[in-house]
Amino acid sequence: MEPITVHTGKSVALMRNDVDTDQIIPKQFLKNILKTGFGIHLFYDWRYLKNGRPNPDFILNQPTSKGATILVTGNNFGCGSSREHAAWALKDWGFKVIIAGGYSDIFYMNCTKNGLLPIVLPQTARDILAKATPEETITIDLVHQRVKYANHEFTFEINPTWKDKFLKGTDDIDLTMTYEDQITAFEAKMPVFD
Amino acid sequence: MAQTMYDKIWNKHVISGKAGEPQLIYVDLHLVHEVTSPQAFEGLWENNRKVRRPDRTFATMDHNVPTEDIFNVKDVISRKQMDTLRKNCTDFGVRLAAIGEEQQVIIHAIGPQLGLTQPGEVIVCGDSHTSTHGAFGSIAFGIGTSEVEHVFATQTIWQAKPKTMGIHVHGDFQKGVYAKDLVMALIAQNGVDFGTGYAIEFYGNTIENMSMDERMTLCNMVIEGGAKSGIIRPDQTTFDYVTGREYAPKDMAAAKAYWQQFYTDDESAFDDRMDFDVSSLAPYVSWGTNPGMAVPIDQPFPEPKDINDQKAYDYEGLKPAQKPEEIDIGFVFIGSCTNGRLSDLKIAANILKGRHINPKITALVVPASRAIREEAERRGYDKIFKDAGCEWREPGCSACLGMNPDQVPAGVHCASTSNRNFVGRQGVGSMTHLASPAMVATAAIYGHFVDIRKQTVTA
């Protein structure tokens, strides 16, 4: 996993609440058995018209959104289905950071596994960030837990364990493998009812 | 200090880490299906890792399986996803209930059916409706594919313990009102994120009087309120359900003695509390595009309070102040991990017995498992459904999410016993209206929802 310490990038704002993972990546694209290739189907039903052409009104289809790496959005982002394909699709499109009012628990964990930094900021801060123009950038300083835009600066909370994972880009399984002795000892003490 | 049941089970599973921080916890049972597992198995291959405990892992095929002609998987990509699971299970020694086999089920039916789901366990699956298993007094939650790979390799998972919310449910349901209505009411009244960051424990006389099937329906849908898990204290109803199943403990007396330690000391242990009286609860019907957009059958749809509500009305072709009776139903789906169990089929069959569905309606009845299907056939429910004009199908997830050919056509309103009414969930342009099996079966007859409390024929 690629580490994140400080990230500066262009943003797009999609200020809707309760965006569910069925909308982020619809079911017909879950049959892929790889982790890549989901980006072109991101927000499929909003992004494409019935005839399959891109919907020119949707924010991601506007030429100014090209190259954006930060998604500013509403409350309860990523609710519903556990599909990690939603995180893969956002990552595959090019997003590295999401700034929302909150996340579903499973989606949040999926982000931590894929180097997609989920930041929580209140509505007032997000309303300001949503005004960023395509010429402007937002900077996320994970080390100091700050989001900077123009002359604004917001601090955010993040669990220290997940923060450390993002900073180092560690592989969880390698880390857990170092607990092998403790896992084996735990298994030896488990109750058996046979 | 007073502890919740969730705390007690959690603490028994901690391998490393301090309270208040993410902890490494042991997983007793890992359930696997074809959609969220291929990338996890691929990760094992790439890193030359094994499945640490194949004996604690169980897989089935459910999301993609056709329910009409089950061995004829026409969709090439669906077939590839199922073939991939079969190969992975063979290579890694994981038990698989494959398509058409005796034990093939929706993943959340397999654990309870085989006695794998037991009180006091930690159960995970790459599927958000894993919360279902909390009905047995276990900690059960959905995980992503990276976490599936982690559990394969280590039989553990890093998790921060959620806060706990105690919901005291009391009173007796009116005739025609069920656990499904209770959970839909909780979500409609408190919002689709009221449970985010929480595990919800349900308790009180209403819960004690519920069957295991009803408890599973309740815990299944807590995820639609944002909660990670639902949990219910194991009692005699739980023990009786588990007893005698294939993987149930052989020494039930010892198991029961162990399980009985899992209860919440007192209500002060919860981070939050709520109270719900079901005695005046009406059947619920969803009108919009998330499970919180729902009303009691006798109430009008609300004025839009935000852009999401307005978009939902536009999508559904409905207007504020209309009532659920006015939705023109063209499709009916009875099934899913929420309401595809034997008792659900029994309720629907009792309503449809000797009657016929409205001719404009296509109705699919899809049991959650092959065992449920066979038992329903022994009881003659299949004949009742077929005589009523319904299609009696093979088990699977089916039209709950339409990853298989069972999809609701665009522009058609579907009365559905499933759990999600998101835009396009049951098929592109489809419009889902969630309700209980009794409400859905009755809607199949009338072509629209009716208040089943006023019906003479009920389950």
Side-chain angles (χ1 to χ4, degrees), chain A residues 15-18 20-23 26-28 30-35 44-46 50 74-76 79-88 102-107 109-114 159-162 165 171-177 179-180 182-183 185-187 190-194, chain B residues 15-16 21-22 24 26 35-36 38-39 42 47 49 63-64 75 77-78 80-81 84 126-128 141-147 149-150 153-156 158-160 162 192-193 196-197 223-224 226 228 249-252 254-255 258 290 292 306-308 401-403 420 422-425 428:
Chain A
M15 300 305 281
R16 298 187 194 179
N17 293 328
D18 306 320
D20 59 75
T21 55
D22 275 68
Q23 303 317 310
K27 53 163 182 289
Q28 61 268 38
L30 305 185
K31 297 177 185 180
N32 180 350
I33 56 171
L34 306 171
K35 286 187 183 181
Y44 186 83
D45 290 336
W46 295 342
K50 285 201 177 103
N75 295 320
N76 196 29
C79 58
S81 159
S82 64
R83 57 188 72 166
E84 192 162 325
H85 313 67
W88 296 332
Y103 304 88
S104 83
D105 296 325
I106 303 175
F107 178 80
M109 287 306 294
N110 287 339
C111 288
T112 69
K113 304 287 180 184
N114 289 282
N159 180 298
T161 309
W162 307 145
K165 229 169 86 63
D171 178 294
D172 278 357
I173 299 180
D174 282 343
L175 171 71
T176 307
M177 291 284 194
Y179 291 84
E180 172 61 32
Q182 281 141 283
I183 298 170
F186 180 91
E187 286 176 326
M190 289 171 73
V192 181
F193 307 117
D194 286 339
Chain B
I15 291 168
S16 181
E21 293 172 8
L24 187 66
Y26 195 79
V35 181
T36 55
Q39 295 88 350
E42 189 63 26
N47 295 287
R49 290 169 179 149
H63 285 61
N64 282 281
D75 182 329
I77 314 173
S78 281
K80 185 171 181 195
Q81 203 163 48
T84 303
D127 194 287
S128 60
F141 53 89
I143 59 176
T145 297
S146 295
E147 293 178 309
E149 183 182 342
H150 189 280
T154 68
Q155 202 58 34
T156 64
W158 289 98
Q159 287 280 315
V192 288
D193 59 354
T196 303
I223 183 74
E224 315 316 335
K228 198 172 183 82
K250 291 195 181 65
D251 186 350
M252 273 301 286
Y258 180 78
N290 74 39
D306 57 24
I307 184 73
N308 275 8
L401 83 169
M403 273 189 81
R420 288 186 176 137
F422 298 145
V423 171
R425 169 89 176 176
V428 176

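Note that these values count all heavy atoms, side chains included, but never hydrogens, waters or copies made by symmetry. Sequence lines set the chain letters: A, B, ... in the order given, protein chains first and strands last, and positions in each chain run from 1.
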| task | Let me know if A:P191 has heavy atoms under 4.5 Å from chain B in its side chain, its backbone, both or neither. | result |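 Interface part for A:P191: side chain.
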
| Interchain contact, A:N110 with chain B, by part (heavy-atom threshold 4.5 Å) |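 Just its side chain gets close to chain B.
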
| message | I'd like to know which of B:E42, B:R49, B:Q159, B:H63 tops the heavy-atom pair count under 4.5 Å against chain A. | response |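 Ranked by contacts with chain A, first place is B:R49.
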
| query | Quick one: of B:T36, B:I223, B:I143, B:V428, who has the most non-hydrogen atom pairs under 4.5 Å with chain A? | reply | B:I143

Going by heavy atoms in the side chains, are [X] and [Y] under 4.5 Å from each other?
X	Y	answer
B:S146	A:N114	yes
A:I33	B:Q81	yes
B:V423	A:Q23	yes

When you measure from the side chain of [X] to the backbone of [Y], do you find a donor-acceptor pair of N or O atoms at a distance under 3.5 Å?
X	Y	value
B:E147	A:I106	no
A:K31	B:K80	no
B:Q39	A:N32	yes
B:N308	A:N17	yes

| request: Give the C-alpha distance, both sets of side-chain angles, the deciding distance and a yes or no for salt bridge (Lys or Arg N to Asp or Glu O under 4.0 Å) between A:R16 and B:D306. | output: CA-CA 10 Å; A:R16 298 187 194 179; B:D306 57 24; over 6 Å; no

| Which region of B:D75, side chain (C-beta onward) or backbone (N, CA, C, O), has a non-hydrogen atom less than 4.5 Å from a non-hydrogen atom of chain A, or is it both or neither? |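 The side chain, not the backbone.
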
Heavy atoms only, distances under 4.5 angstrom: which of [options] has the most pairs with chain B? Name it, please.
options	result
A:Y103, A:W88, A:F107	A:W88
A:I183, A:T161, A:D194	A:I183
A:H85, A:R83, A:Q28	A:H85

| query | Would B:R425 and A:D20 pass as an ion pair if we require N to O under 4.0 Å? | reply | no

| message | Please verify the inter-ring angle class for B:W158 with A:Y179; under 30° counts as parallel, over 60° as perpendicular, anything in between as tilted. | response | perpendicular

